[in-house]
Q: 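Let me begin by handing over the structure; questions about it come next.
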Amino acid sequence: MSITLRKFPATAAALVEFDAGAAERKAAWESAETELAIDKAHEADTAALDLVQRAYHQDTADINSLANCLRVDLAFMRRMAQKG
């Protein structure tokens, strides 16, 4: 019996995009002074995480549901992408 290591190319690519936008998202939080600005900063964080979670689903769709992938945290997906 051989073991095939799973690859996570979509997750790894999405993490690059997530990290590229980190400074902008951080700046949005640091400058947020209104409820609207806070909502926009939160929406940006949520969208960035969603992108990575959906990429993780793309990489694991044969064994994982989208609902489960939308529960996975960033640290776990980083670990998986580093292995692949």
Side-chain angles (χ1 to χ4, degrees):
M1 180 171 143
S2 68
I3 296 175
T4 302
L5 294 179
R6 182 174 290 273
K7 304 288 185 188
F8 297 89
T11 305
L15 284 165
V16 169
E17 189 172 337
F18 179 91
D19 291 342
E24 184 177 339
R25 291 190 310 276
K26 182 180 179 192
W29 277 110
E30 290 173 349
S31 66
E33 295 182 359
T34 66
E35 190 171 331
L36 179 60
I38 291 168
D39 287 346
K40 287 186 179 215
H42 183 262
E43 287 172 13
D45 277 348
T46 300
L49 178 60
D50 184 72
L51 178 79
V52 181
Q53 290 169 323
R54 288 178 184 277
Y56 180 72
H57 178 252
Q58 181 180 338
D59 289 334
T60 64
D62 61 319
I63 60 167
N64 225 339
S65 70
L66 178 58
N68 283 340
C69 293
L70 294 176
R71 292 184 189 105
V72 177
D73 69 9
L74 198 57
F76 177 80
M77 291 183 288
R78 283 191 193 282
R79 286 194 309 273
M80 294 301 101
Q82 287 173 351
K83 292 180 180 184

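No hydrogens, no waters, no symmetry mates; every other heavy atom, side chains included, goes into these values.
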Q: Are side-chain heavy atoms of Leu66 and Leu70 found at a separation under 4.5 Å?
A: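 They are in contact (side-chain heavy atoms under 4.5 Å apart), so the answer is yes.
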Q: Could you work out the complete set of other residues in the hydrophobic cluster of Trp29, with links drawn between I, L, V, M, F, W and Y side chains under 4.5 Å apart?
A: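 Members alongside Trp29: Ile38.
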Q: Let me confirm one number: the NE2-CD1 distance from His57 to Ile63, rounded to the nearest 0.5 Å.
A: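 Atom-to-atom, His57:NE2 and Ile63:CD1 are 10.0 Å apart.
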Q: When rounded to the nearest 0.5 angstrom, what is the spacing between OH in Tyr56 and CG in Asn68?
A: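 With rounding to 0.5 Å, OH (Tyr56) is 9.5 Å from CG (Asn68).
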Q: Mind listing the closest non-hydrogen atom pair of Ala44 and Arg25 along with its distance?
A: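 So the minimum-distance heavy-atom pair works out to O-CD, 3.5 Å.
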Q: Are Leu49 and Val72 connected into the same hydrophobic cluster when the rule is that any two of I, L, V, M, F, W, Y join if their side-chain heavy atoms are below 4.5 Å apart?
A: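 In one cluster with Val72: Leu49, yes.
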Q: Could you give the distance from CG (Asp59) to CZ (Arg6), rounded to the nearest 0.5 Å?
A: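 It comes to 8.0 Å.
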Q: Between atom OG1 of Thr46 and atom CG of Asp39, what is the distance when rounded to the nearest 0.5 Å?
A: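 Reported value, rounded in 0.5 Å steps: 10.0 Å.
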Q: Using 0.5 Å steps for rounding, measure from the NZ atom of Lys40 to the CG atom of Asp45.
A: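 Those atoms lie 14.5 Å apart.
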Q: Would you indicate whether the side-chain heavy atoms of Arg79 and Phe8 approach each other to under 4.5 Å?
A: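 No, every pair of side-chain atoms sits at 4.5 Å or beyond.
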Q: Find out whether Arg78 and Phe18 are in side-chain contact, i.e. whether some heavy atom of one side chain is under 4.5 Å from a heavy atom of the other.
A: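 Yes, side chains in contact.
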Q: Are Leu74 and Leu51 connected into the same hydrophobic cluster when the rule is that any two of I, L, V, M, F, W, Y join if their side-chain heavy atoms are below 4.5 Å apart?
A: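 No; tracing contacts between hydrophobic side chains, which count when under 4.5 Å, never links both residues.
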Q: I want to check something: taking the side chain as every heavy atom from C-beta on, are Met80 and Leu15 in contact at a cut-off of under 4.5 Å?
A: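 The answer is no, as the side chains (C-beta and beyond) never meet within the 4.5 Å cut-off.
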